[in-house]
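We count residues from 1, following the sequence as given.
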Amino acid sequence: MTGNDSIDRGPAAPGQVHVTVWDDGQSDGISERNADRNADGRPPVVFVHGILTWGDDDRYGFAAQRPLADRHRLLVMDRRGYGRSPDIDHSDWSVDAEDVIGLLGAGAHLVGHAYGGVGAMAAAVRRPELVRSLSLIQPGALRPAERHPVVAEALARARAATAALPADLTPEEFLRAATESVGMETPEPTPARLRAAAASMAEHPCWDADIPLGPLADASFPKLMISGDWEGAPEQYRKFAGEPLIACATEVAEAIEADHLIVPGYYPHTQQPERVNTALRALWDRAERM
């Protein structure tokens, strides 16, 4: 396998999630027998994406983390209903957590963004012995940080907005509303993006997930919180998304004793991939020395 190759591993089992594997020069191929480790014994890394996207999407997903496959096998999942994973009536962070656990194998590093960060947190709470490190990129778990007034206000606003969604809203309307309403450019409504929008509008809200932070604080694996400073974001986007996410990241990082990296912008892993990738490498190296 060459450094530019990737492997479409497909669903891990009937009804489960699709996984794209990036593994540059580590082995001659992938099999269920050798998928848990690189040839040099390094544990793999599981990536869990957020809404309106899929694992290897270059707009909101983890395409910019592809270079990290030079030293680790990357398992880039598509959550249920997204990408090439099977449909589901309602996707759910709790179901995501079980899918993540199924990919951790004998142990893996774990990276989750936004909605995917909530599933990653839940997986780490349920099976901490399988997690070698936990990296959270602006996780959408607002409820554990509800004591912060900005987060509490955002939760109330999100609950009201969800209750007010029209029953006949189409995926294209949802995609446009989710972006234009906060001053963001709407992505091209490709079939893949519209499928992601349909899954996003049907999933159970992650911001109301009651993830206990105590078990994450007690876990022995190292943790990293990554967030943007939200400079340069449209004003409405910063006010309604950025400020709550900044407050949430700060509260959660402190509660679980995670290092906190703040980078310019508002999509850290896509806008600042070199800084984010460098931080991820450092965390994984530290975890593997423990």
Validation row: [X], [Y] side chains within 4.5 angstrom (heavy atoms):
{"X": "Leu261", "Y": "Leu224", "value": "yes"}
{"X": "Ile51", "Y": "Glu203", "value": "yes"}
{"X": "Leu175", "Y": "Arg193", "value": "yes"}
{"X": "Phe221", "Y": "Leu134", "value": "yes"}

Presence of salt bridge, [Y] and [X], under 4.0 angstrom:
{"X": "Arg66", "Y": "Asp56", "value": "no"}
{"X": "Arg71", "Y": "Asp23", "value": "no"}
{"X": "Lys223", "Y": "Glu254", "value": "no"}
{"X": "Asp99", "Y": "Arg80", "value": "yes"}

Contacts of Trp284 that satisfy ring-ring contact (aromatic ring centres under 6.0 Å, His included) - sequence neighbours left out
His72, His109
Indicate every side-chain donor-acceptor pair of residues 275-283 with a distance under 3.5 Å to a residue at least two apart or in another chain.
unit_1, atom_1, unit_2, atom_2, d
Asn277, OD1, Gln65, NE2, 2.9
Asn277, ND2, Ala64, O, 3.1
Asn277, ND2, Pro273, O, 3.3
Thr278, OG1, Glu274, O, 2.8
Arg281, NH1, Asp70, OD1, 2.9
Arg281, NH2, Pro67, O, 3.4
Arg281, NH2, Asp70, OD1, 3.3
Arg281, NH2, Asp70, OD2, 3.3

If we ignore angles and hydrogens, is there a donor and acceptor under 3.5 Å between the side chains of [X] and [Y]?
{"X": "Ser200", "Y": "Tyr82", "result": "yes"}
{"X": "Trp230", "Y": "Gln138", "result": "yes"}
{"X": "Thr20", "Y": "Arg84", "result": "yes"}

May I have the list of side-chain donor-acceptor pairs in residues 111-127 shorter than 3.5 Å, sequence neighbours left out?
unit_1, atom_1, unit_2, atom_2, d
Tyr115, OH, Trp93, N, 3.1
Tyr115, OH, His204, O, 2.6
Arg126, NH1, Ser94, O, 3.2
Arg126, NH1, Glu98, OE2, 2.6
Arg126, NH2, Ser94, OG, 2.6
Arg127, NE, Glu129, OE2, 2.3
Arg127, NH2, Glu129, OE2, 2.6

Between His49 and Phe62, does the ring-ring contact (aromatic ring centres under 6.0 Å, His included) criterion hold? Intermediate values first, please.
CA-CA 7 Å; His49 65 84; Phe62 293 109; 7.6 Å; no
Starting at CG of Asp229, measure out to CD of Glu231 and round the result to the nearest 0.5 Å.
5.0 Å
